[in-house]
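Along the sequence shown, residues are numbered consecutively beginning with 1. Here the structure is a predicted model, which means the values were calculated and not measured.
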Amino acid sequence: MDTVSVVEPIEAKEPLDSTSSQTPATERWWESVVRSPIFTPALFVTGALVVLFWHLISGLGKLWMGNDGYYSHGVLVPFIAGYVVHKRWPQIRSIPIRPGWVALPLLGFVAYLAYVTTHTNINAILSLAFLLAVLCGIWFVAGWRWMVALSLPVLYLGFALPLWTGAIDFYTNPAQLASTSVAYQLLKAFGFNPMRFDADPTTVYLSHFTLDIAVPCSGLKLMLAVTAFTAFFMMISSLKWWGNVAMVALILPLCVFVNGLRIAMIGMVGTTWGPEAGHQFHDYSGYITLLVCFFILFKVARGLGWKD
């Protein structure tokens, strides 16, 4: 008996319409942002801040790439602040949006402060006014609780602003003397027989090389960058209060010792392999010391309880 197989016809599927496909997540996110009731006021406040502080904002590239190197870490600061916001975003987005109209008088005061300081070139006060304006803008657009939640990453932007010029001028000489003393003692301990005279306390003489610890080698550049990195670790590590205190207390001795070690190593290289080798090591050793400090801070934060 023959076996007959019955093949059921396959139903033709309708072609997918491109308009019926799911909207990508990024597009849905952008549409939700644009349709938000705070989008227009946020756009207005952002534009107003750019206009008010254009004198400050337009000079940041020159500040970060300046020859003195004090703010060379500044280019990383906005990205770090953005990362902190991204890390905290699940908690931040759950905060109810309640625009704070009481912030308007403060924004008016900050606008006047920005006008005055722009025309008097008081960059430190202008930088503070900028940070205050950003916080007040968040308060006005989204509410007090949003401002509090975003206050740390906003204030962190201060590490990229010309806010530290007065401190740099005031502490340069003490930092020079401290770094010179550490380098002198290290060279002495390693048997290089350094000489140092009271008439010129920031110069160390070796048998075939002279270390002139000038202003750029004072260690303040390293200290500013390390302070910025320390603040970053403190924001993301959620350490206990005593852990944060320990991190802050570590900054000064770490920077003085590492910078003094760098200067001593320049002297060792210069007196062993010649002045040209010493100057070449000087040119790139600053990056090495920064990486060393970053690694030490990372390990200390881990040791103090950072698990993330």
Side-chain angles (χ1 to χ4, degrees), residues 25-26 29 32-33 36 38 42 46 64 71-100 103 127-128 130-161 163-164 167 219-259 287 289-308:
T26 53
W29 175 83
S32 65
V33 170
S36 171
I38 67 169
T46 302
W64 297 341
Y71 293 94
S72 56
H73 61 278
V75 66
L76 298 174
V77 169
F79 296 101
I80 293 175
Y83 173 77
V84 174
V85 173
H86 171 74
K87 188 174 176 64
R88 298 182 176 185
W89 186 246
Q91 293 79 30
I92 295 174
R93 66 183 299 180
S94 64
I95 301 174
I97 296 175
R98 295 172 181 168
S127 301
L128 289 173
F130 174 76
L131 298 175
L132 181 61
V134 174
L135 290 174
C136 289
I138 296 171
W139 185 4
F140 169 69
V141 172
W144 170 264
R145 292 179 61 190
W146 273 74
M147 186 196 74
V148 173
L150 293 170
S151 59
L152 286 180
V154 168
L155 293 175
Y156 187 80
L157 295 174
F159 286 108
L161 302 176
L163 190 60
W164 312 95
L220 282 181
K221 290 186 287 186
L222 179 65
M223 193 172 297
L224 279 175
V226 167
T227 303
F229 287 142
T230 302
F232 169 58
F233 285 132
M234 289 167 60
M235 284 192 293
I236 66 174
S237 59
S238 300
L239 298 177
K240 296 181 179 179
W241 68 267
W242 54 266
N244 290 327
V245 171
M247 291 284 289
V248 173
L250 180 63
I251 295 174
L252 181 59
L254 175 64
C255 292
V256 171
F257 176 77
V258 171
N259 191 60
Y287 300 103
T289 56
L290 188 59
L291 289 174
V292 168
C293 288
F294 184 88
F295 179 77
I296 292 174
L297 288 171
F298 176 79
K299 287 296 184 181
V300 169
R302 287 290 192 186
L304 291 172
W306 179 22
K307 304 298 183 183
D308 191 3

Subject >> Non-neighbouring partners of Thr227 that pass side chain to side chain contact (heavy atoms under 4.5 Å, CB included), sequence neighbours left out >> reply: Phe159, Met223, Ile251
**OP:** Identify, with sequence neighbours excluded, every residue that meets ring-ring contact (aromatic ring centres under 6.0 Å, His included) alongside Phe130.
**Re:** Phe53
Original post:
How far apart are the closest heavy atoms of Leu161 and Tyr71, and which atoms are they?
Top reply: O-CE2, 3.1 Å
Subject >> Inter-residue atom distance Arg145.CZ - Ile97.CD1, 0.5 Å rounding >> reply: 11.5 Å
Original post:
Can you name the side chain to side chain contact (heavy atoms under 4.5 Å, CB included) partners of Pro90, sequence neighbours left out?
Top reply: none
Subject >> Heavy-atom pair of closest approach, residues Gly74 and Ala160 >> reply: O-CB, 3.6 Å
Original post:
Can you name the closest pair of heavy atoms from Ala231 and Tyr156 and give their distance?
Top reply: CB-CE1, 3.8 Å
Subject >> Between CZ on residue Phe257 and CG on residue Asn259, distance to nearest 0.5 Å >> reply: 11.5 Å
Original post:
Trp164 side chain to Gly158 main-chain N or O, any donor-acceptor pair under 3.5 Å?
Top reply: yes
Subject >> Spacing of Leu152 atom CG and Phe232 atom CZ [to the nearest 0.5 Å] >> reply: 13.0 Å
Subject >> Note, Ser72 side chain near Lys221 side chain (heavy atom, < 4.5 Å) >> reply: no
Original post:
Hey, does Leu254 have a side-chain heavy atom less than 4.5 Å from the side chain of Ile296?
Top reply: yes
**OP:** Could I get the full list of ring-ring contact (aromatic ring centres under 6.0 Å, His included) partners for Phe298, not counting sequence neighbours?
**Re:** Trp306
Original post:
So Phe294 and Phe233, would you call those rings parallel, tilted or perpendicular, with 30° and 60° as cut-offs?
Top reply: tilted
Original post:
In chain order, what residues pass the side chain to side chain contact (heavy atoms under 4.5 Å, CB included) check against Ile92, with sequence neighbours excluded?
Top reply: Arg88, Trp89, Trp146, Ala149, Leu150
Original post:
Any side-chain heavy-atom pair from Leu290 and Phe229 closer than 4.5 angstrom?
Top reply: yes
**OP:** Work out which heavy atom in Ala81 is nearest to a heavy atom in Pro153; give both atom names and the distance.
**Re:** CB-O, 3.5 Å
Subject >> Those residues that, when tested against Leu132, pass side chain to side chain contact (heavy atoms under 4.5 Å, CB included) (two or more places apart) >> reply: Val110, Cys136
**OP:** Hey, could you give me the CG/OG1 distance between Leu222 and Thr289, rounded to the nearest 0.5 Å?
**Re:** 5.0 Å
Original post:
Where is the tightest heavy-atom contact between Met247 and Leu297, given as atom of each residue plus distance?
Top reply: CE-O, 4.1 Å
Subject >> Minimum heavy-atom distance Val154-Leu131, with the two atoms named >> reply: O-CD2, 3.4 Å
**OP:** May I ask you to test the Leu304-Lys240 pair for a side-chain heavy-atom distance under 4.5 Å?
**Re:** no
Original post:
Between Cys293 and Leu291, is any pair of side-chain heavy atoms under 4.5 Å apart?
Top reply: no
